Protein chains: 4
Amino acid sequence: MGAVKTKRMPRAVREQQMLDAAVRIFGQRGYMAASMDEIAELAGVSKPLVYLYLNSKEDLFTACIRREAAALTEAVRAGVRPGLPADRQLWDGLRAFFAHTAEHPDAWSVLHLQARTHGEPFAGEVAAMRAEIVAFVTRLVAVAAREAHRDPDLPEHEVAGLSEALVGAAESLAAWANTTPGATARQAATTLMNFAWSGLGNLMRGQVWTPPMDEA
Amino acid sequence: MGAVKTKRMPRAVREQQMLDAAVRIFGQRGYMAASMDEIAELAGVSKPLVYLYLNSKEDLFTACIRREAAALTEAVRAGVRPGLPADRQLWDGLRAFFAHTAEHPDAWSVLHLQARTHGEPFAGEVAAMRAEIVAFVTRLVAVAAREAHRDPDLPEHEVAGLSEALVGAAESLAAWANTTPGATARQAATTLMNFAWSGLGNLMRGQVWTPPMDEA
Amino acid sequence: MGAVKTKRMPRAVREQQMLDAAVRIFGQRGYMAASMDEIAELAGVSKPLVYLYLNSKEDLFTACIRREAAALTEAVRAGVRPGLPADRQLWDGLRAFFAHTAEHPDAWSVLHLQARTHGEPFAGEVAAMRAEIVAFVTRLVAVAAREAHRDPDLPEHEVAGLSEALVGAAESLAAWANTTPGATARQAATTLMNFAWSGLGNLMRGQVWTPPMDEA
Amino acid sequence: MGAVKTKRMPRAVREQQMLDAAVRIFGQRGYMAASMDEIAELAGVSKPLVYLYLNSKEDLFTACIRREAAALTEAVRAGVRPGLPADRQLWDGLRAFFAHTAEHPDAWSVLHLQARTHGEPFAGEVAAMRAEIVAFVTRLVAVAAREAHRDPDLPEHEVAGLSEALVGAAESLAAWANTTPGATARQAATTLMNFAWSGLGNLMRGQVWTPPMDEA
DNA sequence: CATGAATGAGTTTTCATTCAT
DNA sequence: CATGAATGAAAACTCATTCAT
């Protein structure tokens with residue numbers, strides 16, 4: 001079980017093996033319940049070597065988060081072609097996102113659940129990734145506004161809020177798709193487009209829902 | 001710090017104090033990092049008393065989840081008046097939800113993060129609450145469909161996904177509103193209505209977003 | 001379960017109920033594993049009452065030992081009629097012993113296992129009972145010697161050892177009879193008489209087994 | 001006190017040191033009253049090392065029982081020469097037995113008292129050793145019967161009972177010799193031979209003690 | 001007389017982390 | 001480079017024992 005015990009691998013390779021093992025264990029057991037012993041064993045190395053390369057449990061977890069965050073944002077970036085219409089870009093991006101999280105459930109568990117559950121400094125690491133994705137969505141919303149011949153002046157504030165909502169919905173759906181038997185990445189993406197884009201589309205056409213007047 | 005050390009309380013009162021302390025500690029430290037020592041100290045009692053009344057860390061956590069899940073669903077229920085139009089009910093429900101989670105951030109952390117992060121039997125407890133909320137949303141969708149003179153039959157599966165997305169978006173917005181200067185819970189709710197209801201509204205009118213044809 | 005909760009019993013009665021419960025729990029769980037909680041519950045009283053009457057776990061255990069030791073020696077005494085020949089007295093005593101220990105297995109566990117396993121002051125209590133039995137055997141040896149017209153003066157030391165061996169053999173046989181299908185308590189007693197009495201009988205007739213000469 | 005604190009021993013050596021310490025503590029305090037802390041300290045190592053090598057208190061105790069049971073049976077086996085007459089073999093075996101138990105009183109306490117007092121799985125471990133010794137004695141009784149030109153047909157059942165009684169007597173005497181000042185192993189063996197062999201010898205010559213007729 | 005409320009002190013066990021080779 | 005040996009610190013949980021009513 002675990003990586004075969006091969007001797008004298010170059011350091012970079014060994015590190016990746018350790019991170020592979022760590023992501024799997026952290027994703028399945030959770031940050032606190034994961035033990036360095038188990039990670040070292042799954043990586044096929046001795047515990048002191050893990051410490052030599054990655055310093056501490058905290059640093060190891062941070063390294064996992066960074067690697068997986070980069071992989072996820074890269075996957076989304078690679079799935080989108082900049083020239084296309086905004087809804088197409090959003091659709092492509094969502095599909096890439098759901099596909100990646102479905103293929104790497106442990107990584108997604110690390111990013112979405114574990115990192116957020118265990119406070120700083122981990123939450124900060126994920127926040128950076130999230131900010132990138134929110135920025136990407138924000139750009140898309142701006143593009144969509146332009147395409148709809150609408151004044152760019154959906155207030156910046158409002159755009160940021162919408163992007164947050166969209167990303168939050170996507171995150172939740174990804175976790176749900178991973179744990180719900182029979183739910184595919186494609187279905188998740190479709191559901192979200194129905195939910196979000198059609199709502200955003202209305203906004204773009206100036207159809208705004210307004211709160212009722214008679215409140216306390 | 002913590003509850004004032006009052007002696008010889010009746011059991012029911014003490015139990016609530018312990019749950020108060022436990023929710024706070026679990027919400028801030030996380031389930032695993034929370035120590036029974038710290039919870040007992042915050043509750044102003046000795047550890048053995050916590051065990052005498054609540055049995056084990058697992059049982060204590062479960063009791064927290066149950067109490068807070070009941071409080072949250074009750075708050076939402078109390079915020080909604082059944083006779084009103086669907087969008088008004090949704091608006092009221094969301095506001096009650098945002099208000100409650102904002103006032104009880106530790107409880108929300110327990111329900112949303114901690115319980116889901118630490119597997120069974122906790123996830124199951126939250127699933128019950130989630131099912132109630134999904135049922136509420138499902139009823140609203142049915143009401144909205146009737147109001148739009150349409151067939152309400154969205155597949156159960158689809159409704160579950162939408163509900164998941166809605167809660168994810170809400171949670172994201174709540175966090176965003178809490179950390180972004182100048183963003184209020186009310187604005188967050190408005191943004192979410194724009195995002196969600198107009199999307200749902202389109203669905204109700206048969207305006208479904210369709211994926212592009214030219215895919216791999 | 002346990003004694004029915006009756007109020008306002010006279011102290012002596014309550015004490016016996018407590019001792020009944022304690023013997024049962026100590027016999028089944030062992031001295032250390034027995035908990036005062038469980039004993040109080042089985043006795044149908046509150047824990048502080050146990051402490052009020054019996055002082056401490058140690059005192060409670062000691063009281064158990066004393067009561068059960070007295071009961072056992074009394075049972076043996078009652079089974080024997082002094083005027084009869086020595087072998088008949090031994091046979092009667094053994095049968096009374098086997099019968100009592102079989103009927104009160106928890107008491108026997110307390111006396112034979114628990115008390116000896118947990119050092120002073122308990123071992124001392126049992127030693128007193130053991131001394132009585134040794135005295136009984138010693139008397140029998142004297143009677144047998146008289147019957148055989150011989151000098152009864154086996155050294156005290158030797159008699160103590162013989163008594164020890166006799167009780168050990170009896171206990172072993174009792175356990176063996178209990179777990180071997182087809183072996184009755186009566187047969188066990190017969191075997192023991194064959195084993196022991198005939199050996200003692202030889203001793204009385206001056207037929208002593210002598211160790212070989214050629215030793216290292 | 002305890003083993004000198006030598007660092008970096010090979011695992012096999014450390015394990016023996018730990019077992020040495022454990023036998024001593026278990027033998028003196030009893031299984032339940034023994035604390036892993038004390039054992040570790042006496043072994044001259046830290047508690048986690050004990051757990052790393054021996055897993056748990058239960059496993060540690062089991063390892064003690066196995067080691068000491070093997071040592072005891074080996075000592076008896078080594079003390080007996082198969083060709084000699086039965087009484088000589090019995091005498092030699094008993095002397096080896098008493099000598100070993102006298103030299104290793106804690107080990108004998110573990111085997112005779114502690115293991116039997118604390119139920120499964122410990123009792124089972126000792127039962128295996130006991131069965132070996134009973135089998136050895138049973139063989140001897142058969143040999144003795146042949147030597148006495150007696151039909152081999154002392155019923156098998158009877159032989160088994162006699163062996164049980166003999167072993168039980170020996171066990172009890174060993175404990176007694178260990179705790180009685182001035183009682184030597186040699187004297188214990190002599191007493192037991194007088195008690196048992198002469199009885200057995202009578203049996204072998206057909207002199208059977210018969211129970212009285214006038215019973216209830 | 002009797003008890004519900006409460007705890008100090010101790011138990012087994014685990015884990016991240018570091019030497020010495 | 002790599003590891004077997006080792007531990008300080010803390011966690012969950014239990015129990016005999018005592019107040020205050």
Side-chain angles (χ1 to χ4, degrees), chain A residues 5 7-11 14 32-40 44-60, chain B residues 5-15 32-40 44-60, chain C residues 5 7-11 14 32-40 44-60, chain D residues 5-15 32-40 44-60:
Chain A
K5 193 164 190 172
K7 293 223 148 186
R8 298 280 156 177
M9 315 276 293
R11 167 161 183 159
R14 273 276 162 90
M32 300 252 28
S35 93
M36 296 298 273
D37 263 304
E38 204 180 358
I39 291 171
V45 297
S46 71
K47 235 185 325 173
L49 199 59
V50 178
Y51 278 89
L52 186 62
Y53 285 2
L54 289 140
N55 251 335
S56 72
K57 195 184 188 184
E58 214 177 292
D59 285 4
L60 173 56
Chain B
K5 194 157 188 173
T6 340
K7 293 221 149 187
R8 304 275 152 175
M9 317 277 293
R11 173 169 181 155
V13 176
R14 270 282 192 258
E15 267 187 23
M32 300 246 36
S35 96
M36 296 297 273
D37 264 307
E38 203 181 359
I39 290 171
V45 297
S46 69
K47 230 186 327 169
L49 199 60
V50 179
Y51 278 90
L52 187 62
Y53 286 178
L54 276 314
N55 259 334
S56 70
K57 193 182 186 183
E58 214 177 291
D59 284 4
L60 172 57
Chain C
K5 193 164 189 172
K7 292 224 146 189
R8 299 280 155 175
M9 314 276 293
R11 168 161 183 157
R14 272 275 162 89
M32 301 251 29
S35 93
M36 296 297 273
D37 264 304
E38 206 180 357
I39 291 171
V45 298
S46 72
K47 237 185 323 171
L49 199 58
V50 179
Y51 278 88
L52 186 61
Y53 284 2
L54 276 316
N55 251 336
S56 70
K57 194 183 187 183
E58 218 179 286
D59 285 3
L60 173 57
Chain D
K5 194 160 189 173
T6 340
K7 294 222 147 185
R8 304 272 152 179
M9 317 276 292
R11 173 169 180 153
V13 176
R14 271 282 192 257
E15 269 187 22
M32 300 247 36
S35 95
M36 296 298 271
D37 262 309
E38 204 181 0
I39 291 171
V45 297
S46 70
K47 237 187 319 173
L49 201 60
V50 179
Y51 278 89
L52 188 61
Y53 286 177
L54 275 313
N55 257 335
S56 70
K57 194 181 187 183
E58 211 177 296
D59 284 6
L60 173 57

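Please read these numbers as outputs of a predicted model, since none were measured by experiment. Here is how names work: the chains are called A, B, and so on, in the same order as the sequence lines, proteins then strands, and each is numbered from 1.
- Among the atoms of the strands shown, none is found under 4.0 Å from any heavy atom of A:A33.
- B:E15 has its CD atom 13 Å from the C1' atom of E:dA5, to the nearest Å.
- Note on C:R14: a side-chain N or O is less than 4.0 Å away from OP1 or OP2 of E:dA2.
- Listed by chain and residue number, D:K47 satisfy the salt bridge (Lys or Arg N to Asp or Glu O under 4.0 Å) test with D:D37 (two or more places apart in sequence, or in another chain).
- Contact of D:K47 with E:dT13 (side chain to base): a donor-acceptor pair of N or O atoms is detected under 3.5 Å.
- Taking only side-chain nitrogens and oxygens, D:Y53 comes nearer than 4.0 Å to OP1 or OP2 of F:dA6.
- The nucleotide whose nearest atom lies closest to any side-chain atom of B:R8 is, among F:dC13, E:dC15, F:dA20, F:dA20.
- Counting only heavy atoms from C-beta on, D:M36 has its side chain closest to E:dT12 among E:dT12, E:dT17, F:dT7.
- Of the two residues near DNA chain F, B:S56 and A:L49, the one whose nearest nucleotide lies more 5' is A:L49.
- The side chain of A:K57 approaches E:dT17 more closely than any other nucleotide in the set E:dT17, E:dA5, E:dT3.
- Annotation: cation-pi geometry satisfied between B:R11 and B:Y53 (NZ/CZ under 6.0 angstrom from ring centroid, within 45° of ring axis).
- Rounding to whole angstrom units, CE of residue C:M32 and C1' of E:dT11 are separated by 10 Å.
- Distance from the side chain of B:S46 is smallest for E:dT7 among the nucleotides F:dA12, E:dT7, F:dT3.
- Nucleotide F:dT21 holds its P atom 14 Å from the CE atom of B:M9, rounded to whole Å.
- Considering only side-chain atoms of C:Y51, the nucleotide from E:dT7, E:dA16, F:dT18 that sits closest is F:dT18.
- In this structure, B:K57 contributes its side chain and B:S35 its backbone to no donor-acceptor pair below 3.5 Å.
- We find the CG-CD1 distance between B:L60 and B:I39 to be 5.0 Å, quoted to the nearest 0.5 Å.
- Comparing B:P10 and B:P48 by the nucleotide of DNA chain E that holds the closest heavy atom to each, the one mapping nearer the 5' end is B:P10.
- Out of E:dT7, F:dA6, F:dT3, the shortest distance to the side chain of D:L52 is found at F:dA6.
- Atom CD in D:E38 sits roughly 10 Å away from atom P in E:dT12 (whole-Å rounding).
- If D:E58 and A:E58 are placed on DNA chain E by their nearest nucleotide, the residue sitting closer to the 5' end is D:E58.
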Let me have DNA chain E in dot-bracket notation, would you? Count Watson-Crick plus G-U wobble pairs, both distances under 3.5 Å, and use [ ] for pairs crossing earlier ones and | for inter-strand partners.
.||||||||||||||||||||
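- Contacts of A:A40 with the nucleic acid, taken as non-hydrogen atoms under 4.0 Å apart, are absent.
- Rounded to whole angstrom, the span from the CG atom of A:D37 across to the C1' atom of F:dA6 amounts to 13 Å.
- Distance check: C:R14 CZ to C:L54 CG gives 13.0 Å after rounding to the nearest 0.5 Å.
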